[in-house]
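The figures here come from the full heavy-atom set of this structure, side chains too, leaving out hydrogens, waters and symmetry mates. Below, chains carry the letters A, B, ... as their sequence lines are ordered, and counting in each starts from 1.
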Protein chains: 2
Amino acid sequence: MLDAATFAGICKALGHPARIRIIEHLRAIDRCICGEIVQILPLAQSTVSQHLKVLKAAGLVKGEVEGPRTCYCLDGEVLDRFKKTAASI
Amino acid sequence: MLDAATFAGICKALGHPARIRIIEHLRAIDRCICGEIVQILPLAQSTVSQHLKVLKAAGLVKGEVEGPRTCYCLDGEVLDRFKKTAASI
DNA sequence: CTCATTAATCGTAGAATGACGATAAAGAAT
DNA sequence: ATTCTTTATCGTCATTCTACGATTAATGAG
């Protein structure tokens with residue numbers, strides 16, 4: 001369960017279609033690099049990187065550097081708390 | 001279940017602490033008029049009216065005019081679809 | 001070492017958001 | 001009819017968001 005401000009923050013991060021699609025993709029394939037998401041979305045690399053930054057700042061996504069690339073995956077813990085809070089609204 | 005764009009739109013509407021508080025209050029007392037929400041939040045009447053408009057545009061809230069005042073309540077249907085979609089992310 | 005690949009950051013421009021006070025509209029009350 | 005109450009809308013300003021291209025940083029390959 002999350003307090004109202006934190007919940008609002010996560011909602012805000014999810015409040016963009018591109019970021020929803022990123023989340024859905026990460027859920028589908030577990031983990032992937034930024035470039036893969038760039039392929040999927042009709043957005044520039046820098047824009048995708050920004051969206052990933054927003055999701056990371058909200059805690060929904062974790063990124064670990066693997067050489068020259070960064071591998072992203074969902075933070076199941078945070079996602080779970082979000083779901084539980086959403087269910088209790 | 002909602003498509004990605006609709007879900008993102010609702011998340012966006014929920015992406016502000018004041019609007020979360022409005023939703024929570026409406027859930028707690030079922031229905032109330034705008035002025036009551038103005039009492040609760042540290043915001044000007046016009047600002048609260050704007051927030052209500054955002055929630056209404058997202059479909060989360062319904063408002064019916066009752067004489068000079070407007071009575072707001074949650075749209076349980078939409079809220080349910082939101083919760084189900086959130087749970088499936 | 002040099003070059004290629006990958007992702008983050010910078011700078012920027014335009015659109016949207018959030019806040020307010022002032023005003024308008026609609027009805028109730030006197 | 002006039003006044004009061006309530007809410008929506010308007011106009012405005014500062015801030016944030018979204019998108020892009022260009023640049024930088026980091027690493028791997030040759």
Inset, instruction - Please check the phosphate of D:dA8 (OP1 and OP2 only) for any side-chain N or O of B:Ser49 closer than 4.0 Å. - result: yes
**Prompt:** Under 4.0 angstrom, heavy atoms only, what part of the nucleic acid is A:Lys56 near: base, sugar-phosphate, or nothing?
**Reply:** nothing
Rounded to whole Å, CD1 of B:Ile22 lies from P of C:dG18 at a distance of 11 Å
Among D:dA19, C:dA7, C:dC10, the one nearest any side-chain atom of A:Ser46 is C:dC10
> Hey, is the side chain of B:His16 poking within less than 4.0 Å of OP1 or OP2 on C:dA19, counting only N and O atoms?
Replying inline: yes
Notebook entry, point to check: So B:Glu64 and B:Arg31, salt bridge (Lys or Arg N to Asp or Glu O under 4.0 Å) or not? Walk me through it.
Noted result: CA-CA 10 Å; B:Glu64 63 182 286; B:Arg31 61 208 321 279; 3.3 Å; yes
Per side-chain contact (heavy atoms from CB on, under 4.5 Å), B:Tyr72 is matched among B:Lys56, B:Glu36, B:Lys62 by B:Lys56
When rounded to whole Å, the CZ to P distance for the pair A:Arg21 and D:dT18 reads 16 Å
Separation of D:dT7 atom C1' from B:Glu64 atom CD, nearest Å, is 15 Å
Which is true for B:Thr70 with a 4.0 Å heavy-atom rule: it touches a base, it touches only sugar-phosphate, or it touches nothing? sugar-phosphate
Any sub-3.5 Å donor-acceptor pair from B:Thr70's side-chain atoms to B:Gly63's backbone N or O? no
*A:Lys53 vs C:dT9: side-chain N/O to OP1/OP2 distance below 4.0 Å*: yes
Using OP1 and OP2 only, check whether a side-chain N or O of B:Arg19 sits under 4.0 Å from C:dG18.
yes
Q. Phosphate oxygens OP1/OP2 of C:dA8: is one of them under 4.0 Å from a side-chain N or O of A:Tyr72?
A. yes
When rounded to whole Å, the CD1 to P distance for the pair B:Ile37 and D:dT6 reads 14 Å
Touch class at under 4.0 angstrom, heavy-atom based, for B:Leu52 against every strand present | nothing
When rounded to whole Å, the CD1 to C1' distance for the pair A:Ile33 and C:dA8 reads 14 Å
**Request:** Mind telling me whether B:Phe82 and A:Phe82 have parallel, tilted or perpendicular rings, with 30° and 60° as the class edges?
**Result:** perpendicular
Closest to the 5' end of DNA chain C, once B:Gly15 and B:Pro68 are matched to their nearest nucleotides, is B:Gly15
Determine whether more than 12 heavy atoms belonging to other residues, nucleotides or ligands lie under 6.0 Å from atom CD of B:Glu66. yes
*Would you please confirm or rule out a distance under 4.0 Å between OP1 or OP2 of D:dA19 and any side-chain N or O of A:His51?*
yes
Does a nitrogen or oxygen in the side chain of B:Lys12 sit under 4.0 Å from OP1 or OP2 of D:dC17? no
Residue pair A:Glu66/A:Val54 against DNA chain D: nearer the 5' end by closest nucleotide is A:Val54
Quick note, B:Leu43 side chain, CB onward, closest among C:dT6, D:dT9, C:dC20 is C:dC20
- Look at the side chain of B:Gln45 against the base of D:dA8 and say whether a donor-acceptor pair falls under 3.5 Å; ignore hydrogens and angles. yes
